[in-house]
2 protein chains.
Amino acid sequence: MKIELQISMNEALYLRNPESSELGRNILSHSVELIHKIGFEAFTFKKLAEVIGTTEAGIYRYFENKHKLLVYLTAWYWGWLEFQIRFQTNNIKDPTVRLKKVIDLLASAVEDDERTSHINEALLHQIIISEGSKAYLTKQVSEDNKQQFFKPYKDVCEVIGNIISECSPGYIYPKSLASTIIEMAHFQNFFMNNLPSLTDFGKTKQVTEIISFLNHLVFASIKKL
Amino acid sequence: MKIELQISMNEALYLRNPESSELGRNILSHSVELIHKIGFEAFTFKKLAEVIGTTEAGIYRYFENKHKLLVYLTAWYWGWLEFQIRFQTNNIKDPTVRLKKVIDLLASAVEDDERTSHINEALLHQIIISEGSKAYLTKQVSEDNKQQFFKPYKDVCEVIGNIISECSPGYIYPKSLASTIIEMAHFQNFFMNNLPSLTDFGKTKQVTEIISFLNHLVFASIKKL
DNA sequence: TATTTATGATAGTAATACTACTATTTTAAA
DNA sequence: TTTAAAATAGTAGTATTACTATCATAAATA
C-alpha cells in the first residue's frame, strides 16, 4: 500500500494551490531542482517556465513572486520535518533520546521521501541550508509573520523547545537553544562545505561530526550544574 | 587629538578605492543608510545615486555590483570588530574574562565610532544582523572565498576560537563554537525583534538577555566535565 | 602648460519582474 | 444538447534593474 503524505499549506502563500494541478506540481518539483542548481538569486520564473515547458504567466497564476515561492518551499519543508520528528520520536519515553533523534533529523542528509510524490526532499534540504534564511531575512518579515508564513518553522522550534524543557525543566532558554540548534544544524553544514575554516569538520566533512558538536552543545547547556 | 582608524580592505572588492575620494566615501556612508532603510533586496545603485546626487555610472566606477558592495561592507565590519576585540581585550590576562568581553562586543548594540568618519557603525551593525549572511549564502561563495573576501570574518572566528581554546584546551570544537556564537549573537537579535517566539527574550527585548544566553551556552560547553 | 585622472551627463541594451489581453478548453447549468 | 461560466494557455507589452559605452568637462599633477 502506498500512503500519500499531504502537508497542509497556508493559503496566503499562493494564488492558486500548486498541489491541485499537474502544472502546479511541476512548478514545485522543478523549482526545487532549479533553485538547487543555479541558486535563488539567479532563479527566475522565466527560466522555470522554460524548464517546465510553460509560460512565465502560467507560473504567476500560482505564485505572486519568487519570494512567496521560497517561503512556500521552506514552510513545506518545516511542515514535513515536524511530521518526521513526531513520527520518529513517537513512543520514545526518554526525552533525552528524543532530543538526540531530533538533532539527527535536523543535521542529517535527507533521503527522498517516497510518500511525497513530486518534491525531492534531499534537494529541498540542501536549499533550506543555503537559501532558507532568505525567507525571513527581509524587510517584510513582520508582515509575512503576521500572515503566519513562518508558523511551520516556529512550530518545529516549539516542539524542540518543549523536549528541551522536558529534559531539563529548570533550563531558562529552551526556545533560544532550539532555534540555535536548528540554525546551526544548517550553518555548520554550509560552513563545513563552503567555508571550512569556520568549523572543526573541514577535514572529514562528516555530518556525524556536526551531530556530535550539537549534542555536546545541547546536553552541556541543559545539564544541571 | 583625533585618531583616524583605517581598515585595510581587499582590493579585489572594489574597482576604485572608495576611501580615496569624496564620492567614494559618500557611496559608503549613504549605502549603509539606504540599505538599512529599504533593505538589500530593494537597494539599487540607481536609488543610491539619486540619494548621493550622482549618476548610476558613477557608482559602477567604484563597485562592480551591489553584491560586491555588501561583501565590502561586511568585510569592513569584521575588520573593525576585530580591532575592537583586540583593543578591548588588550592586557586582560584571564581568557575567561576576554571571552565574556568578546560576547559583549558581538551582541551589544554598537555606538557610532568617532574614529571612522563616514561609516555609521550602529547602522552597519543592524545591516550585518539582517543582511550579513547574504554575503556568503550564494552560489559564488567558493569563488569569493578563494579571493579571500571572507578573511576578516574568518579572522574574527579564529581569534575567538583561540580564546576558547585558551579557556579550555581540551575542548574539541573551538571553531564551530566560535562561529556559533558569532551567528547566534546576530540571529537571536533578529529573532528577538522580528520573530520573538523563536527566542526567550520576546518580552523584554533586552540584548543583555542574549548575552546571558550566549555566556551560558559557551561556558557550559567548554567546562571540563 | 600638457596630460592624466575623476566626475558628470546621456544613451543604450539585455534581463527581470511583472500585468493585461486574447484564445482555447473544460465544466456545469439551463 | 446548448450555452454560459470558469479555468487554463499563450502573446504581448511595460517599468525597473543591472549593467556598458561614449563623450564632455573639471580638477589634479607632472
Side-chain angles (χ1 to χ4, degrees), chain A residues 11-31 33-35 37-73 118 131 134-135 138-140 143-144, chain B residues 9 11-31 34-35 37-73 118 131 134-135 138-140 143-144:
Chain A
E11 290 183 15
L13 280 171
Y14 51 77
L15 299 169
R16 184 175 311 213
N17 188 348
E19 301 271 4
S20 71
S21 73
E22 196 58 32
L23 176 57
R25 287 185 292 270
N26 268 322
I27 290 171
L28 295 181
S29 62
H30 287 93
S31 66
E33 279 165 29
L34 192 55
I35 294 172
K37 190 176 166 192
I38 65 175
F40 186 66
E41 272 70 44
F43 170 84
T44 69
F45 279 2
K46 192 168 185 205
K47 289 173 188 166
L48 177 62
E50 271 160 37
V51 171
I52 297 176
T54 182
T55 57
E56 228 182 327
I59 319 273
Y60 276 105
R61 268 181 217 111
Y62 285 83
F63 290 100
E64 223 179 305
N65 52 50
K66 71 175 187 172
H67 176 249
K68 282 269 173 70
L69 173 56
L70 179 66
V71 176
Y72 182 99
L73 291 174
H118 43 289
E131 322 283 359
K134 295 172 193 169
T138 68
K139 274 280 157 183
Q140 328 102 277
E143 290 148 59
D144 286 358
Chain B
M9 298 295 295
E11 290 183 13
L13 280 172
Y14 51 77
L15 300 169
R16 206 198 296 289
N17 188 349
E19 300 274 5
S20 72
S21 73
E22 195 59 30
L23 177 58
R25 287 185 292 270
N26 267 323
I27 290 171
L28 295 180
S29 62
H30 287 93
S31 65
L34 192 56
I35 293 172
K37 190 175 167 194
I38 66 176
F40 186 66
E41 272 70 44
F43 170 84
T44 69
F45 279 2
K46 192 168 185 206
K47 290 174 188 167
L48 178 61
E50 271 159 37
V51 171
I52 297 177
T54 181
T55 58
E56 228 183 327
I59 319 273
Y60 276 104
R61 275 187 207 107
Y62 285 84
F63 289 100
E64 221 179 306
N65 51 51
K66 72 175 187 171
H67 175 249
K68 283 268 172 70
L69 173 57
L70 179 66
V71 176
Y72 182 99
L73 292 173
H118 43 290
E131 322 282 0
K134 295 171 193 170
T138 68
K139 276 278 159 184
Q140 328 101 279
E143 291 148 57
D144 286 359

task = Send over the distance from A/Glu22 CD to D/dA9 C1', rounded to a whole Å.
result = 15 Å

inquiry  = Considering every strand and a 4.0 Å limit on heavy-atom distances, what is the contact class for B/Glu64: base, sugar-phosphate, or nothing?
reply    = sugar-phosphate

Atom pair distance, as rounded to whole Å: CD1 in A/Ile27 and P in D/dA9 = 9 Å

task = Verify the contact: side-chain N or O of B/Tyr62 to OP1 or OP2 of C/dT7, cut-off strictly under 4.0 Å; return yes or no.
result = yes

task = Calculate the interatomic distance between B/Leu15 atom CG and D/dA21 atom C1'; express it in whole Å.
result = 15 Å

ask   = The side chain of A/Ala57 lies closest to which of these nucleotides: D/dC19, D/dT11, C/dT7?
value = D/dT11

key: Phosphate contact (C/dG8 OP1 or OP2) by B/Thr54 side-chain N/O below 4.0 Å   = yes

query = B/Asn65 side chain: which of C/dC18, D/dC19, C/dT7 is closest?
reply = D/dC19

inquiry  = Side chain of B/Lys66 only, heavy atoms from C-beta on: which candidate in D/dA18, C/dA17, D/dG10 is closest?
reply    = D/dA18

inquiry  = Measuring from atom NZ of A/Lys66 to atom OG of A/Ser31, what distance do you get when rounded to the nearest 0.5 angstrom?
reply    = 12.0 Å

key: Presence of B/Ser21 side-chain N/O under 4.0 Å of C/dT7 phosphate oxygens OP1/OP2   = yes

message = By nearest atom, which of the nucleotides C/dA9, D/dC19, D/dG10 is closest to the B/Arg61 side chain?
response = C/dA9

note = dist A/Tyr14:OH -> A/Ile27:CD1 (nearest 0.5 Å) comes out at 13.0 Å

ask   = What is the distance, rounded to the nearest whole Å, between atom OH of B/Tyr60 and atom P of C/dT13?
value = 17 Å

Phosphate contact (C/dT5 OP1 or OP2) by B/Arg16 side-chain N/O below 4.0 Å = no

request  = Choose from D/dT20, C/dT7, C/dA17 the nucleotide whose nearest atom is closest to any side-chain atom of A/Thr44.
outcome  = C/dA17

ask   = Is the shortest side-chain N/O distance from B/Lys47 to OP1 or OP2 of D/dT17 below 4.0 Å?
value = yes

Shortest non-hydrogen separation from B/Val51 to B/His30 and the atoms involved = CG1-CD2, 3.6 Å

task = Round to a whole Å and report the spacing from CD of B/Glu56 to P of C/dT7.
result = 17 Å

request  = In whole angstrom, give the distance that lies between atom CZ of B/Phe63 and atom P of D/dT20.
outcome  = 15 Å

message = Assess, by modelled atom type and distance only, whether the side chains of A/Glu41 and B/His67 contain a donor and an acceptor separated by less than 3.5 Å.
response = no

key: Between D/dA21 (P) and B/Ile59 (CD1): distance, integer Å   = 18 Å

ask   = What is the distance, rounded to the nearest whole Å, between atom CD of A/Glu41 and atom C1' of D/dT17?
value = 15 Å

Residues B/Glu50, B/Lys47: salt bridge by 4.0 Å N-O rule = no

